[in-house]
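Ligands are counted one by one from 1 in listed order, and the atoms in each one are counted from 1 as well.
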Amino acid sequence: MSASQSNGSAGLATRLTHAGRTPSSFHGFVNPPVAHASTVLFPDTATMLSGKQTYHYARRGNPTTDALEEAIAELEGAAGAKLASCGLNAVALALLSCLSSGDHLLITDSAYGPTRHLADTTLKRLGIEIDYYDPAIGAGIAALMKPNTKAVMTEAPGSLTFEMQDIPAIAEAAHAAGALVVMDNTWATPCYFQAIAHGVDLSIQAGTKYIVGHSDAMLGTVAASPRAWEALDATAGALGIHVGPDDVFLGLRGLRTMHVRLRQHMEAGLEIARWLQTREEVARVRHPALPEDPGHALWRRDFCGASGLFAFDFRDDVTFEQSCAFLDALRLFGLGYSWGGFESLAIPVRLKGMRTATPMPEGGPSIRLHIGLEDVTDIRADLEAGFKALTG
Ligand SMILES: *Cc1c(COP(=O)(O)O)cnc(C)c1O
């Protein structure tokens, strides 16, 4: 129940405002109702047995979930989309929809940690062969394709190390070998990277981040290209993945302002990133929208914006303990996992032991920042206090 009904060639902001809404179906109310529902009643047995009634049981969808699935499908330029209970659940749904026992899966070495954990535990147990590859591999992925390779998992930029990937080149090689391309596109969102138009078959969003946008609910979405849609829909149905209507409502509400929030996250994030580049304590800022970043050319070619998440590495004479003192001195930045909400967050990043396919050069300790919607001068002042704490 989520095949895309496209608003044609309307601009992004217009589509974010209107996608998945049909007020005339709900007495003119601007937003669809929040359907708290399980059972759906039928007028008679003939209708019940015909299978023709729009809704028959809420596990398979209701007007609230349909509205968000239609909106996501439209924004992603997809054949259809399914919701999941969180981002990791969306990763699991996407991978289970295209992999069977005996199949081979290639995963970027820069993948989100829990995605690796899923692959190394549950997917391995189900008899799926896993290999990790260098995120910078590009068209070279062709050499890693085996006769049983059914999917290539990508993520750009990686959410801790921020390396870009050449998605069109990877997609071309994967498709030539008969494999699907799966992408975790949470960082850019469909606002700043149109994954499916660049060759991706299953585009994943941790909706917990920018779609919900207010750190008050968890959600995941998977949008599919025409060749991946039928299996995605069938797998979501078979697994019984369902999201509660209040969380779906928060996703719909967040979606309407996502482009406006993203623009502010991008601008403030870049301002802070450029300022960090001038600090003598900082060796490197990991942000693909900076011209000095190794992924900048790919970002410029394929993406049309950046979100507010990036990292920086201290000089290598800064100790891990000092980087913790930096974090403990922050007052505005929360110390917590996740990102994409309205507030600034920071975490320490342990680069050591993160990679299995490619070595990770070791420098000073790394910190990941999510730049929220606070005033940039206050954000900078908070980080300045952190730098002061380095020297005690
Ligand atoms: C947070 C995150 C996820 C997982 O989302 P949850 O909703 O926390 O399960 C997946 N991928 C990336 C890149 C993330 O940052």
Side-chain angles (χ1 to χ4, degrees), residues 68 72 76 81-96 107-123 132 135 153-165 167 181-193 195 200 202-223 239 241-244 246-248 250-251 254-255 258 262 265 269 286-288 295 303 306-311 334-341 343-350 354 366-372:
L68 185 53
I72 296 294
E76 297 254 21
K82 295 307 293 179
L83 304 183
S85 63
C86 64
L88 183 59
N89 191 218
V91 172
L93 168 61
L95 292 174
L96 288 172
I107 304 184
T108 176
D109 213 11
S110 55
Y112 178 62
T115 297
R116 283 182 93 103
H117 181 72
L118 165 72
D120 294 342
T121 56
T122 304
L123 296 187
Y132 292 91
M153 176 82 199
T154 63
E155 183 178 322
S159 66
L160 290 175
T161 49
F162 298 92
E163 288 136 304
M164 290 295 296
Q165 294 200 265
I167 301 293
V181 179
V182 185
M183 180 178 187
D184 186 329
N185 189 28
T186 302
W187 185 84
T189 83
C191 294
Y192 291 155
F193 182 61
V200 170
L202 291 156
S203 172
I204 295 161
Q205 288 292 314
T208 309
K209 312 291 165 59
Y210 287 116
I211 294 176
V212 168
H214 294 72
S215 307
D216 51 7
M218 303 197 76
L219 194 69
T221 69
V222 187
L239 291 173
I241 295 178
H242 176 76
V243 187
D246 293 321
D247 292 342
V248 180
L250 289 170
L255 202 63
M258 184 165 74
L262 272 173
H265 287 296
R286 299 171 179 269
H287 192 316
F303 286 47
S307 57
L309 188 78
F310 63 92
L335 192 60
Y337 293 106
S338 203
W339 44 281
E343 83 288 19
S344 290
L345 291 171
I347 56 167
V349 179
R350 295 264 197 186
M354 196 183 276
S366 191
I367 302 278
R368 188 184 75 180
L369 299 177
H370 178 252
I371 303 303

Self-check item: Where Ile241 and Ser85 come nearest, the two heavy atoms and their spacing
Solution: CG2-N, 4.3 Å
Practice problem: Return the set of residues passing ring-ring contact (aromatic ring centres under 6.0 Å, His included) with His214 (not counting sequence neighbours), or none when no residue passes. | Solution: Phe342
Quiz item: Taking only residues two or more places apart in sequence, or in another chain, which ones meet His287 in a ring-ring contact (aromatic ring centres under 6.0 Å, His included)?
Solution: Phe310
Self-check item: Non-neighbouring partners of Asp247 that pass salt bridge (charged side-chain N to carboxylate O under 4.0 Å, His left out), sequence neighbours left out
Solution: none
Quiz item: Do the ring planes of Tyr210 and Trp339 sit parallel (below 30°), tilted (30 to 60°) or perpendicular (above 60°)?
Solution: perpendicular
Quiz prompt | For ligand 1, the residues whose heavy atoms come within less than 4.0 Å (ordered by chain, then number) | solution = Cys86, Gly87, Leu88, Tyr112, Glu155, Ser159, Asp184, Ala206, Thr208, Lys209, Met218, Trp339
Practice problem: Evaluate the side-chain proximity of Arg116 to Asp109: yes if any heavy-atom separation is below 4.5 Å, no if none is. | Solution: yes
